[in-house]
Amino acid sequence: MHQISNGKQYLYSMVAVLSVAGICFVFSNVIGYRVVALLLLFTVSLLAISFDILPVLLSAALSAMVWDFFFIPPRFAVHIATTDDTILLIMYFVIAMINGALTYKIRKVEKLARLREERANSVKLYNTILNSLSHELRTPIAAIIGATDNLQFNKNLSTVDRQELIEEISKASLRLNQQVENLLNISRLESGHIQPKNDWCDVVELVYDVVKSVEDNHPTRNINISVSQDLPVCKIDKGILQQILYNLLNNAAIHTPQNSKIEITAGCHVDVLSFTIEDSGKGFGETKTKDIFSKLSREKTTAHAGSGLGLSIVKGFTEALGGSVDVGRGSLGGAKFTVVFPVKTSYYN
């Protein structure tokens with residue numbers, strides 16, 4: 001929400017007071033001038049909720065003058081006939097000023113409290129991210145350093161041993177790259193700099209590429225693909241969609257037992273592209289389903305380390321593409337993620 005400029009605040013304050021006064025003037029034969037004072041005071045209170053202090057004080061002073069001139073007997077005169085009405089006007093002016101000032105001050109205190117809470121939450125969040133990622137980054141780095149030292153200083157390594165060390169370096173590098181990608185992606189989401197670049201994309205080819213990448217990182221896992229070869233090409237940001245599917249499949253590969261099934265299904269109905277990723281794992285236990293897309297939300301009892309950023313990135317990227325993601329229990333008995341996107345489609349000629 002954009003801050004209204006000071007000039008417009010003064011203008012809106014005057015218009016609000018005069019509009020309420022005008023309506024009251026039309027019905028002045030029905031309502032008494034004391035009721036008008038309450039309505040004007042209510043108007044000043046509403047202005048104090050949204051505007052700065054000076055426009056609010058202006059509206060309070062203006063409402064007092066308008067009430068005096070147009071409503072307090074004798075009308076259309078600054079002179080006040082009775083002492084009671086004089087005291088009433090003075091009290092109205094004082095109360096309107098105090099009410100406006102106090103309401104504005106309360107709003108400022110609440111805003112300051114919110115900012116402090118948000119700052120504290122941000123510090124806590126990023127401290128948690130750093131603590132969580134310290135292990136995730138240290139593990140692949142240590143593996144790379146250890147394998148590299150072996151290759152450099154151990155002259156008695158066989159060809160098979162060297163090949164295994166090279167493969168270990170490759171896997172650790174991919175894992176490290178994934179963590180760096182997650183950090184960059186969460187930073188992009190936090191800063192609001194996600195600008196999808198939609199282009200025509202072969203969804204079938206993309207699914208097979210993503211599955212291959214996940215299986216390369218998890219050689220013992222086999223992901224079942226159920227995608228019709230007749231799917232149309234869709235206009236969508238290929239890079240963002242690829243990251244969404246990779247994070248969902250990689251999350252399933254990490255957090256399910258080795259013998260668990262993992263399946264991905266893709267379909268397109270009219271102009272809606274959908275993906276379903278499900279597994280035969282244990283699903284979500286301690287972590288509530290509605291909270292799993294929160295940053296760093298993960299099962300405390302899991303045997304696998306993780307930064308907890310993957311599903312948060314999935315939700316942020318999905319919403320950036322105008323889509324939605326839901327989670328529940330699938331037919332395989334484990335977690336089931338359904339991601340849906342509005343797209344333009346076209347079939348090959």
Side-chain angles (χ1 to χ4, degrees), residues 140 167-168 170-182 185 196 199-269 272-284 292-293 304 306-307 309-318 321 323-341 343 345 348:
E167 290 179 0
E168 185 177 342
S170 176
K171 293 177 185 177
S173 299
L174 290 173
R175 182 177 176 183
L176 181 61
N177 180 70
Q178 182 61 36
Q179 294 304 320
V180 173
E181 282 290 330
N182 279 343
N185 288 332
D199 202 354
W200 294 110
C201 168
D202 186 336
V203 176
V204 177
E205 180 183 351
L206 183 143
V207 169
Y208 277 91
D209 287 345
V210 172
V211 169
K212 184 179 184 302
S213 297
V214 176
E215 289 180 341
D216 287 344
N217 287 344
H218 305 276
T220 60
R221 309 311 298 270
N222 185 26
I223 300 173
N224 183 42
I225 302 173
S226 178
V227 179
S228 171
Q229 299 297 319
D230 297 330
L231 279 180
V233 291
C234 300
K235 200 164 191 179
I236 196 169
D237 191 306
K238 180 179 179 180
I240 294 180
L241 177 58
Q242 196 168 24
Q243 190 69 51
I244 291 170
L245 297 180
Y246 180 89
N247 278 3
L248 287 173
L249 289 171
N250 190 60
N251 183 76
I254 290 174
H255 297 289
T256 56
Q258 291 293 332
N259 59 348
S260 298
K261 295 180 181 179
I262 302 175
E263 293 185 357
I264 177 170
T265 305
C268 190
H269 306 283
V272 177
L273 177 64
S274 63
F275 298 92
T276 301
I277 292 93
E278 57 181 316
D279 58 66
S280 60
K282 296 181 179 179
F284 297 97
I292 66 169
F293 295 109
H304 303 278
S307 62
L309 297 178
L311 294 181
S312 178
I313 292 170
V314 166
K315 181 175 176 60
F317 276 8
T318 300
L321 294 180
S324 62
V325 56
D326 294 311
V327 62
R329 184 168 292 276
S331 58
L332 298 179
K336 176 183 177 181
F337 290 88
T338 303
V339 195
V340 179
F341 306 96
V343 293
T345 60
Y348 290 116

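Residues Phe341 and Leu241 meet the side-chain proximity criterion, which asks for heavy atoms closer than 4.5 Å. Side-chain contact check for Ile277 versus Asn251: every heavy-atom pair is 4.5 Å or farther apart. Residues Cys268 and Thr345 have side chains in contact (heavy-atom distance under 4.5 Å, counting atoms from C-beta outward). Two residues are said to be in side-chain contact when any heavy atoms from C-beta on lie closer than 4.5 Å; Phe317 and Asn247 fail this criterion. In this structure, the side chains of Ser331 and Glu278 come closer than 4.5 Å at one or more pairs of heavy atoms.
Screening Leu231, Leu249, Val227, Asp202 against Val207 for a side chain to side chain contact (heavy atoms under 4.5 Å, CB included) leaves a single residue, Val227. Evaluated for a side chain to side chain contact (heavy atoms under 4.5 Å, CB included) with Arg221, the options Val211, Thr256, Ile254, Val214 yield exactly one hit, Thr256.
Note that NE2 of His255 is 7.5 Å distant from CG of Leu311, once rounded to the nearest 0.5 Å. Annotation: the span from Lys238 atom NZ to Ile240 atom CD1 amounts to 13.5 Å, rounded to 0.5 Å. Taken to the nearest 0.5 Å, the NZ atom of Lys235 stands 15.0 Å off from the CG atom of Leu273. Note that the CD atom of Glu263 and the CG atom of Asn222 stand 10.5 Å from one another [nearest 0.5 Å].
With sequence neighbours left out, the salt bridge (charged side-chain N to carboxylate O under 4.0 Å, His left out) criterion links Lys212 to Asp216. Qualifying side chain to side chain contact (heavy atoms under 4.5 Å, CB included) partners for Ser173, counting only residues two or more places apart in sequence or in other chains: Ile144, Ile169. Not counting sequence neighbours, the partners of Phe337 by the ring pair (Phe, Tyr, Trp, His ring centres under 6.0 Å) test are Phe284.
With Thr276 contributing its side chain and Thr265 its backbone, the two residues share no donor-acceptor pair below 3.5 Å. For the pair Glu215 (side chain) and Ile223 (backbone), a donor-acceptor distance under 3.5 Å is present.
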